[in-house]
Trainee: 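Following this message is one structure expressed as structure tokens.
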Amino acid sequence: MASETMLSGKNVLFVASEYDGLVKTGGLADVAKALPAALRQAGVNVKVLIPCYRDILAKSPPKVIDSLPVPLNLNRTYGCSVRKLEDQGVEVWLLEHNEFFDRPGLYDHQNWPYEDNPERFGLLSKASFELCRALNFVPDIIHAHDWQTGMVPYYLKVHYQDDPFFAATRVVYNIHNGAYQGHCHAMWLSTLGIDPVDFCAERFEDHGNINLLKGGVVYADAVVPVSPGYAEELKQESSSHGLWHTFNRAGNKVQGILNGCDYGQWDPATDEAIPANYHADDLSGKDYCKRAMQAAVGLEPGDSVPLFGIVSRLTDQKGFHYLVPALHEFLQHPVQLVILGSGDPHFAGQLHHLAETHPGQVQFTEGYSESLSHRIEAASDFFIMPSLFEPCGLNQIYSMKYGTLPIVRRTGGLRDTVIPLTADQGNVDRATGIGFESASMESTLDALLQALALYRDTPAAYQQVQQNAMAASFTWDGPAQEYIALYARVHRQ
Ligand code: ADP
């Protein structure tokens, strides 16, 4: 039998700080799981490296490498070991260094970031090279993600530049969220092994601090924001999170690739987390899901009133500062709202207040629940996603599949995935949701009212848009092929 390497011609190591099913705070985890699986299907020999956090350690995956010394800088080598799991045929390697990863949180404890985050994730970044060597796995590509692995390109280009093992290796660097940049004090330079000459405005330096994301963009062979729309926004001053010079200098290295959706987990026809399954030809299961939700959370039962859903991290990014005032107005109308979210206590307080002042009409669950997120997608008639910025966004894609019309602000991946219904409904045969432009309370409210009118006054148009949305497909096959083409391109350079 031919070896995996011969079949694929590409060895790829993913290094990430999250992986859906094991540890997740957001969309990065979904991609870190689904993209390797899709690449593997396409014949790529892909492995994944993530930290062995406390929750993963508790599952006791087998230890495969007892001792992996990782020389992070000139002065210190860190003793690590490596455990291993297999998921959908993909090897998931777990970096164990308990002093760093056996902690209650991933990045913070009760919203206080761990002070040694640069060192923790610098170690993860450096370990990707040492793991490859230990496995005798010569990577054609190391595929890094977000600020946590922003050191990977630098290590390749500087620490391993003369190492023949990595002579043909290139780094692809995904930007899932450019707002989180891994800023840290310059005192971390020596720990991270950054040469002081590289602490300058063209490389790591940013207002006197180290900026790990910036360093990643500068040194990577290819930089991939997770939608073409977001890639464009990162080059504009107002939407680049302060890094537009860096993204513009990176020029052609920057290419947006839209995320796919893991329909194995997000399909109302097979979803085990929802009370009834359904598909586009028969939506009676969706009605059942709505009634079950209304009963479960104490909302008035019935079909005549549209149910709006929200599943979100509670952050500025998601637009809560203009959404909440818009909801206060909107709830004067006969509508229902079910919300699941965790994060900023300020927004959580506002949503609790909203629920308390609208009993029987609004239900808010503060927390993180995989199962409830599926049930909200299935039960709702509309899904609200008014983000200030959205690198790709997954929930609007899930919503379309569930026949739940997304209401989105037209930014980044939301713009790239949802076709908004025009005011005159002239594009009803193509539209897949509702859209609005301005990040304001007024525009959000207008979009919510457009949704209400669509549902109440023109049910045939609502059903048509619902069918269009359910027919829209965002599988990982297309993006996987785009990544394979990109791997080949950077490898030729
Ligand atoms: P982001 O990565 O910015 O949070 P995405 O839309 O790309 O936004 O991905 C969010 C993912 O996290 C989705 O899979 C969504 O269902 C999930 N999610 C967010 N908040 C919660 C929550 N409170 N409970 C369950 N799942 C959540």
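All figures in this text were calculated on a predicted structure; none of them were measured in a lab. Residue numbers start at 1 and run along the sequence shown. All ligand and atom numbering here is 1-based and tracks the order in the structure.
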Trainee: Identify the protein heavy atom lying closest to atom 8 (O) of ligand 1, giving its residue, its atom name and the separation to 0.1 Å.
Mentor: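 For this ligand atom, the closest protein heavy atom is K318 NZ, 3.1 Å.
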
Trainee: With atoms numbered from 1 as shown, which atoms in ligand 1 lie under 4.0 angstrom from a non-hydrogen atom of S312?
Mentor: 20 (N)

Trainee: Is the contact between S369 and ligand 1 made by the side chain, the backbone, both, or neither, using heavy atoms and a 4.0 Å cut-off?
Mentor: backbone

Trainee: Where on K24 is there a heavy atom closer than 4.0 Å to ligand 1, on the side chain, on the backbone, on both, or on neither?
Mentor: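 Side chain only; the backbone of K24 stays clear of ligand 1.
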
Trainee: Which ligand 1 atoms are under 4.0 Å away from a heavy-atom of R313?
Mentor: 1 (P), 3 (O), 4 (O), 20 (N)

Trainee: I'd like to check which ligand 1 atoms, numbered from 1 as shown, lie under 4.0 Å from a non-hydrogen atom of G367.
Mentor: 22 (C), 23 (N)

Trainee: Could you pull out all residues at least two apart from D87 that satisfy salt bridge (Lys or Arg N to Asp or Glu O under 4.0 Å)?
Mentor: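 Here the qualifying residues are K33.
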
Trainee: Does NZ or CZ of R54 lie under 6.0 Å from the centre of the six-membered ring of F101, at an angle within 45° of the ring axis?
Mentor: no

Trainee: Considering only the protein, which heavy-atom contact is closest to atom 2 (O) of ligand 1, and what is its distance?
Mentor: G27 N, 2.6 Å

Trainee: Any ion pair linking D271 and R375 (charged N to carboxylate O, less than 4.0 Å)?
Mentor: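 Salt bridge absent between R375 and D271.
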
Trainee: Only heavy atoms of L394, strictly under 4.0 Å: list the atoms of ligand 1 that pass.
Mentor: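 Going through ligand 1 atom by atom, the ones under 4.0 Å from L394 are 5 (P), 6 (O), 7 (O), 9 (O).
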
Trainee: Tell me, please: is H176 in heavy-atom contact with ligand 1, that is, under 4.0 Å?
Mentor: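 Distance cut 4.0 Å: H176 fails for ligand 1.
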
Trainee: Show me which atoms of ligand 1 lie under 4.0 Å from any heavy atom of Q317.
Mentor: 3 (O)

Trainee: Measuring centre to centre across the rings, with the benzene-like ring taken for any Trp, is Y398 within less than 6.0 Å of H374?
Mentor: no

Trainee: Determine, for F247 and K235, whether the Lys NZ or Arg CZ falls below 6.0 Å from the six-membered ring centre while staying within 45 degrees of the axis.
Mentor: no

Trainee: Select one of side chain, backbone, both or neither to describe which atoms of D30 lie under 4.0 Å from any atom of ligand 1, heavy atoms only.
Mentor: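 Just the side chain.
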
Trainee: Numbering the atoms of ligand 1 from 1, which are under 4.0 Å from a heavy atom of G393?
Mentor: 6 (O), 7 (O)

Trainee: State whether F204 and K214 meet the cation-pi test: NZ (Lys) or CZ (Arg) under 6.0 Å from the six-membered ring centroid, and within 45° of the perpendicular axis.
Mentor: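 The answer is no; the distance or angle limit is not met.
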
Trainee: Where the side chain of Y114 meets the backbone of G105, is there a donor-acceptor pair that is under 3.5 Å apart?
Mentor: yes

Trainee: Looking at the rings of H241 and Y180, which for Trp means the six-membered one, are their centres under 6.0 Å apart?
Mentor: no

Trainee: Suppose we measure from atom 13 (C) of ligand 1 to each protein heavy atom; which comes out shortest, and what is that distance?
Mentor: N395 OD1, 3.4 Å

Trainee: Residues in salt bridge (Lys or Arg N to Asp or Glu O under 4.0 Å) with E233, at least two apart?
Mentor: none

Trainee: Which is closest to atom 26 (N) of ligand 1 in terms of heavy atoms, Y180, W266, Y368?
Mentor: Y368

